[in-house]
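The next block holds one structure in the form of structure tokens; read it before the comments.
These figures come from a predicted structure and were not determined experimentally.
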Amino acid sequence: MIGQIKQAFENLPDARSGNGVYQKYAMPDAALSAFSVFFMQSPSFLDYQNTMEKEHGKNNAQSLFGVHLIPSANQLRNLLDPVPAETLSPIYREVFRGLQQSGKINEFHVLDKTILVAIDGVEYFSSQTIHCDCCSTQSLKNGKTHYSHVAVTPVIVSPKKSSVIPLVPEFIIPQDGSEKQDYELAASKRWLAKEAKGLPENTTFLGDDLYCKQPFCEQLIQMKKHFILVCKPDSHQALYEWVDDFERLGKVENIIINEPKGKKKVKKHYRFVNQVPLRDTDDALFVNWCELTITNDKNKIIYRNAFATDYVLNRKNIKQIIEAGRTRWKIENENNNTLKTKGYNFKHNFGHGKQHLSSLLASLNILAFLVHTVLEWFDQCYALVRNELSSRKTFFDDIRALTRYMHFDSWQSLLKFMLEGLEVPIPKIGENLN
């Protein structure tokens, strides 16, 4: 798999000219060097490999990642700064196609064999001093400016799966020809225009209340995609007035289910009605509305949320529709929080640059997370070591320590060494990781 990524990096644009010192470094070496830092979850990985090269004439950056010549941190940043993050998009798409062809995507199917794509924005850099032309800006009350970088990070989720599948990220950056500052919903609509055609027709999008707007919903309908979006009363007053009117007329359907929760019980109250306007205009899009309220045995509300959807609601599918809508939280817990707190250090400033460096490095970091996920599914040795160590932190701590002091000819050699040390039988398989 690393070999496939290396091959894709061969097509990165090279903005250099002349015969300066940077010419001796190949662009794939720069990209692979940066990727190796995120893959190993080790900002010092390249420094350790440079030391190993000087002392032993070989290093793991070359044998494990195919880096022929390791640039310094400053050289790496200068080489990658002109490279737009979207140049990595074909790698993400290729991984997704591979998951489709293998049938792995089918494990994420819900409802009528649909896949759920949760979409949300996440800030990965902020400062009141460091900034570039691609930063989003916000004027603060103290007179200072808040600079930030934000990415829209769509992921495939499923209520049946603990893992998520990151898709191509889209970055909130100034757009050519526009004087307005870019924002999350606009970036999401750009992402749809570029990426939705590569998804199965039976795809359902999940999002918070920000996305429950008519232009976004209409774009999804035009693309023959479905949606289940959080729908709050404060931002959809006309819709809720219709719901209240239908309630008075007895046209809002109710389902109440008492379920055991440990030694106690919770009450789930489902409400739904079809064909209510999303906004108060003559051209309003009519959607279908549903709500779930959960109360404990003391009649205290412990959960309440409502959704707007294009799915026609009935007593047979209402529970599945709401379960799918509630799965949106996985983009925060299993994707954004994992990137921030599970060793990827997503909000750390690995390099800001003057052009695209910050977004490119963020995309490489997300790509490392995606590759780790895929390897757990398809590389038996990798999966065995991860399962034996169980803790993600322990796994990467061990890999960092081993590759700092020892040289390995290949990933399979490294994983075999770890399995032998753990006294786990080694399967006879091919070179999946390399």
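Under the ring pair (Phe, Tyr, Trp, His ring centres under 6.0 Å) criterion, Tyr48 pairs with no residue at all, not counting sequence neighbours. Residues meeting the ring pair (Phe, Tyr, Trp, His ring centres under 6.0 Å) test with His348, sequence neighbours left out: Phe350. Pro90 pairs by the side-chain contact (heavy atoms from CB on, under 4.5 Å) definition with Arg93, not counting sequence neighbours. Every residue meeting the side-chain contact (heavy atoms from CB on, under 4.5 Å) condition with Asp244, not counting sequence neighbours, appears here in chain and number order: Arg248. Residues forming a salt bridge (charged side-chain N to carboxylate O under 4.0 Å, His left out) with Glu241 (at least two apart in sequence, or on another chain): none. Under the ring pair (Phe, Tyr, Trp, His ring centres under 6.0 Å) criterion, Phe408 pairs with Phe417, not counting sequence neighbours. With sequence neighbours left out, the side-chain contact (heavy atoms from CB on, under 4.5 Å) criterion links Ser363 to Ala85, Leu88, Tyr92, Pro169, Phe171. Asp310 pairs by the side chain to side chain donor-acceptor pair (under 3.5 Å) definition with His226, not counting sequence neighbours. Taking Thr403 as the reference, nothing meets the side chain to side chain donor-acceptor pair (under 3.5 Å) condition, with sequence neighbours excluded. Listed by chain and residue number, Ala238 satisfy the side-chain contact (heavy atoms from CB on, under 4.5 Å) test with Asp280 (two or more places apart in sequence, or in another chain). Considering only residues two or more places apart in sequence or on other chains, Phe227 meets the ring pair (Phe, Tyr, Trp, His ring centres under 6.0 Å) condition with none of them.
Sequence neighbours left out, the pairs with a member in residues 143-167 that pass salt bridge (Lys or Arg N to Asp or Glu O under 4.0 Å) are Glu107-Lys161.
Ion pairing between Lys194 and Glu170 holds under the 4.0 Å rule for side-chain N and carboxylate O. Here Arg190 pairs with Asp182 in a salt bridge; the nearest charged N to carboxylate O distance falls below 4.0 Å. A salt bridge links Glu123 with Lys347: the closest approach of a Lys/Arg side-chain nitrogen to an acidic carboxylate oxygen falls below 4.0 angstrom. Between Glu247 and Lys251 there is no salt bridge, since none of the side-chain N atoms of the basic residue sits less than 4.0 Å from a carboxylate O of the acidic one.
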From CA spacing to verdict: side chain to side chain contact (heavy atoms under 4.5 Å, CB included), Lys267, Ile256: CA-CA 7 Å; Lys267 182 174 73 174; Ile256 296 177; 3.6 Å; yes
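With Tyr303 as the aromatic partner, Arg326 meets the cation-pi criteria of under 6.0 angstrom to the ring centre and within 45 degrees of the ring axis.
Checking Ser44 against Ser42 by side-chain atom types alone, no donor-acceptor pair falls below 3.5 Å. In this structure, a donor-acceptor pair under 3.5 Å is absent between the side chains of Thr309 and Asn288. Side chain to side chain, Ser188 and Tyr211 meet the donor-acceptor criterion of an N or O pair below 3.5 Å.
Side-chain atoms of Asn274 do not come within 3.5 Å of backbone N or O of Val312 as any donor-acceptor pair. Within the 3.5 Å criterion, the main-chain N or O of Leu285 finds a donor-acceptor partner in the side chain of Gln214.
No option in His269, Arg271, Glu291 other than His269 meets the side chain to side chain donor-acceptor pair (under 3.5 Å) test with Asn254.
Taking the six-membered ring where the residue is Trp, Phe35 and Phe39 present tilted rings, their angle falling between 30° and 60°. Between Tyr344 and His372, the two ring planes are tilted [angle within 30° to 60°].
The distance from atom OG1 of Thr114 to atom CZ of Phe108, rounded to the nearest 0.5 Å, is 13.5 Å.
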